[in-house]
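Nothing here was measured: the structure is a model prediction, and the numbers come from that model.
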2 protein chains.
Amino acid sequence: MNRNLRATAQRKLIVEELRKLNSHPTANEIYEIVRAKLPKISLGTVYRNLEILSESGLIQKLEMAGSQRRFDGTVEDHFHVKCISCERVSDAELPFLKEILDSIEGVNDYKIMQRRLEFSGLCPKCRNKNGEMEQPEVSGWERHEAG
Amino acid sequence: MNRNLRATAQRKLIVEELRKLNSHPTANEIYEIVRAKLPKISLGTVYRNLEILSESGLIQKLEMAGSQRRFDGTVEDHFHVKCISCERVSDAELPFLKEILDSIEGVNDYKIMQRRLEFSGLCPKCRNKNGEMEQPEVSGWERHEAG
DNA sequence: TTCCTTAATAGTAACTATTATCATTTATAA
DNA sequence: TTATAAATGATAATAGTTACTATTAAGGAA
Ligand SMILES: [Mn+2]
Ligand SMILES: [Mn+2]
Ligand SMILES: [Zn+2]
Ligand SMILES: [Zn+2]
């Protein structure tokens with residue numbers, strides 16, 4: 001059931017630009033990039049095409065935890081690491097883990113269809129700047145309430 | 001550095017109700033639940049407290065991929081499965097995997113601080129209803145463009 | 001107890017990412 | 001060509017969440 005996509009200039013440019021990058025841009029970042037070559041393109045068009053293109057399997061949509069949606073010109077399923085400081089997202093190639101996860105077909109009577117593994121931490125550039133991170137602490141009333 | 005939380009009726013009720021559940025409610029679902037006992041509570045108060053309580057380590061905030069934030073009365077780190085049909089979220093106890101993931105301390109020069117593993121698929125209740133799911137297909141222009 | 005300080009609340013406005021609407025344009029196949 | 005329907009640009013709407021602010025109320029000190 002072919003969706004019969006039309007090869008519009010906007011659509012071709014979005015795929016082309018996204019595939020040049022090894023970053024994982026948001027819809028808005030892609031909008032800014034394609035706007036350089038197609039100044040009249042609208043943000044809605046970018047969103048609509050990113051959705052259609054990922055549904056069609058031509059690009060990949062990344063739903064990262066707790067942050068905005070990102071897109072990936074690489075279609076093969078792989079893992080990602082996100083820097084908690086600068087939000088940068090990089091690929092994490094872990095074929096060993098990929099194999100283990102793919103072998104899990106059921107959990108708690110669920111039929112597993114997708115497995116998402118996402119790391120977060122500090123990227124090489126942010127590692128130095130951020131010396132320490134504070135730990136959460138349990139307050140007085142709760143310590144008693146819970147005990 | 002204790003945040004010196006005050007034991008307000010609203011705050012205590014939110015923790016109490018959340019801990020009764022083994023579901024993973026959204027902020028709005030928690031709002032509806034606590035409203036039964038504290039009708040004047042505001043949605044903003046629920047959001048504010050869920051944030052504070054999770055920062056303090058008294059509850060857990062779940063940032064699920066591509067869907068709204070959920071909360072967990074269980075504080076211990078564990079995995080989740082989400083039904084792609086009814087959105088239900090269940091715990092996935094996989095101590096074997098947890099150990100493997102925790103042993104990964106670095107990827108691509110990132111210092112890993114958090115590991116999130118999330119499954120999605122069909123829950124036992126939805127397994128029967130949803131017979132088949134359609135596959136995405138590559139359209140004509142892209143097949144040539146890519147080749 | 002009563003009083004004081006300041007955290008927390010209710011109510012509401014604002015914000016951000018994303019989706020929907022719709023009149024106009026344009027790719028494509030006949 | 002021309003007809004058709006997909007796609008666009010502009011803009012409005014929506015959803016989830018956060019910010020603001022006057023008022024209330026924990027909880028420690030007197
Ligand atoms: Mn990637
Ligand atoms: Mn859980
Ligand atoms: Zn960084
Ligand atoms: Zn279900």
Side-chain angles (χ1 to χ4, degrees), chain A residues 1-15 24-32 34-56 58-59 61-71 87 89 137 139-145, chain B residues 1-15 24-32 34-56 58-59 61-71 87 89 137 139-145:
Chain A
M1 196 169 293
N2 197 313
R3 302 180 86 259
N4 221 54
L5 299 187
R6 289 185 178 176
T8 65
Q10 293 86 339
R11 185 165 294 161
K12 283 187 287 183
L13 183 59
I14 289 169
V15 177
H24 300 82
T26 63
N28 199 68
E29 285 166 354
I30 294 166
Y31 174 55
E32 294 300 343
V34 296
R35 220 141 66 109
K37 292 189 176 166
L38 223 55
K40 315 217 74 153
I41 197 170
S42 82
L43 181 57
T45 295
V46 173
Y47 267 103
R48 191 179 344 98
N49 276 304
L50 288 171
E51 189 59 35
I52 291 171
L53 290 165
S54 60
E55 275 174 16
S56 305
L58 301 175
I59 65 171
K61 173 163 64 171
L62 302 181
E63 310 271 22
M64 308 289 290
S67 58
Q68 80 210 76
R69 188 173 301 168
R70 290 172 177 275
F71 296 88
E87 302 279 284
V89 174
E137 188 175 322
S139 77
W141 67 271
E142 172 70 16
R143 239 182 283 112
H144 295 307
E145 189 240 41
Chain B
M1 195 169 294
N2 197 314
R3 302 180 86 257
N4 222 53
L5 298 187
R6 288 184 180 177
T8 65
Q10 293 88 338
R11 184 165 293 163
K12 284 187 287 185
L13 183 60
I14 289 170
V15 176
H24 301 80
T26 62
N28 199 67
E29 285 166 354
I30 293 165
Y31 173 55
E32 294 300 342
V34 297
R35 221 143 65 109
K37 293 189 176 167
L38 223 55
K40 317 217 72 154
I41 196 171
S42 81
L43 181 57
T45 295
V46 173
Y47 267 103
R48 192 180 341 98
N49 276 304
L50 288 171
E51 189 59 36
I52 290 171
L53 289 165
S54 60
E55 275 174 15
S56 305
L58 302 174
I59 65 172
K61 174 163 64 169
L62 302 181
E63 310 271 22
M64 308 289 291
S67 58
Q68 82 211 72
R69 188 174 301 170
R70 289 171 179 276
F71 296 87
E87 302 279 283
V89 173
E137 189 175 324
S139 78
W141 66 272
E142 174 69 16
R143 238 182 283 115
H144 295 307
E145 188 240 41

Check: Given atom CZ of R11(B) and atom P of dT9(C), what is their separation to the nearest angstrom?
Finding: 5 Å
Check: Between Y47(A) and dT19(C), is there a side-chain N or O to OP1/OP2 distance below 4.0 Å?
Finding: no
Check: Looking at dT17(D), dT8(D), dT9(C), which one has an atom nearest to any side-chain atom of T8(B)?
Finding: dT9(C)
Next item on the list: Would you classify R69(A) as touching base, sugar-phosphate or nothing, given that sugar-phosphate means primed atoms plus P, OP1 and OP2, and contacts are heavy atoms under 4.0 Å?
Entry: sugar-phosphate
Item checked: Side chain of L43(A) - closest among dT9(C), dT18(D), dT18(C) -> dT18(C)
Check: What pair of heavy atoms forms the shortest contact from I30(A) to V46(A), and how long is it?
Finding: CG2-CG1, 4.1 Å
Notebook entry, point to check: If you pin A27(B) and A9(B) to their nearest nucleotides in DNA chain D, which one's is more 5'?
Noted result: A27(B)
Next item on the list: Taking only the side-chain heavy atoms of K40(A) (C-beta and beyond), determine which of dT28(C), dA7(C), dG9(D) contains the nearest atom.
Entry: dG9(D)
Next item on the list: Whole angstrom is fine here: how far is it from CD1 in I14(A) over to C1' in dG9(D)?
Entry: 13 Å
Next item on the list: Quickly, which of L50(B), L43(B), T45(B) forms a side-chain contact (heavy atoms from CB on, under 4.5 Å) with Y47(B)? Name it, please.
Entry: L43(B)
Notebook entry, point to check: Rounded to the nearest Å, what distance is computed from the CD1 atom of residue I52(A) to the C1' atom of nucleotide dT18(C)?
Noted result: 15 Å
Next item on the list: Can you figure out which of dA7(D), dT18(C), dT9(C) approaches the side chain of N49(B) most closely?
Entry: dT9(C)
Next item on the list: Starting from P on dT16(C), measure out to CZ on R70(A) and report it in whole angstrom.
Entry: 17 Å
Check: On DNA chain C, nearest-nucleotide positions of R48(A) versus S42(B): which is more 5'?
Finding: S42(B)
Item checked: Closest to the A7(A) side chain, choosing from dT28(C), dA10(C), dT18(C) -> dT28(C)
Margin query: Which nucleotide wins on minimum distance to the side chain of Q68(A), given the candidates dT18(C), dT9(C), dA7(D)?
Written below: dT18(C)
Notebook entry, point to check: Between R6(A) and R11(A), what is the shortest heavy-atom contact and its length?
Noted result: O-NH1, 2.9 Å
Next item on the list: Compare every heavy atom of K12(A) with every heavy atom of A7(A), then report the nearest pair and how far apart it is.
Entry: O-CE, 3.6 Å
Next item on the list: Over all heavy atoms of both residues, which pair between I41(B) and Y31(B) is shortest? Give the atoms and the distance, please.
Entry: O-CE1, 3.4 Å
Item checked: Euclidean distance, atom NZ of residue K61(B) to atom P of dT17(D) [Å, nearest integer] -> 10 Å
Notebook entry, point to check: Touch check for N28(B), heavy atoms < 4.0 angstrom, all strands: base, sugar-phosphate only, or nothing?
Noted result: nothing
Margin query: Within the 4.0 Å heavy-atom criterion, would you say Q10(B) contacts the bases, only the backbone, or no part of the nucleic acid?
Written below: sugar-phosphate
Next item on the list: Any chance you could measure L62(B), atom CG, to T26(B), atom OG1, to the nearest 0.5 Å?
Entry: 11.5 Å
Notebook entry, point to check: Could you state the CG-P distance from N4(B) to dG28(D), rounded to the nearest angstrom?
Noted result: 7 Å
Margin query: For dA7(D), does the base pair up with any side-chain atom of R6(A) as donor and acceptor (N or O, under 3.5 Å, distance only)?
Written below: no
Next item on the list: Measure from OH on Y31(A) to C1' on dT16(C) and round the result to the nearest Å.
Entry: 16 Å
Item checked: R35(A) CZ - dT8(D) P separation (whole Å) -> 16 Å
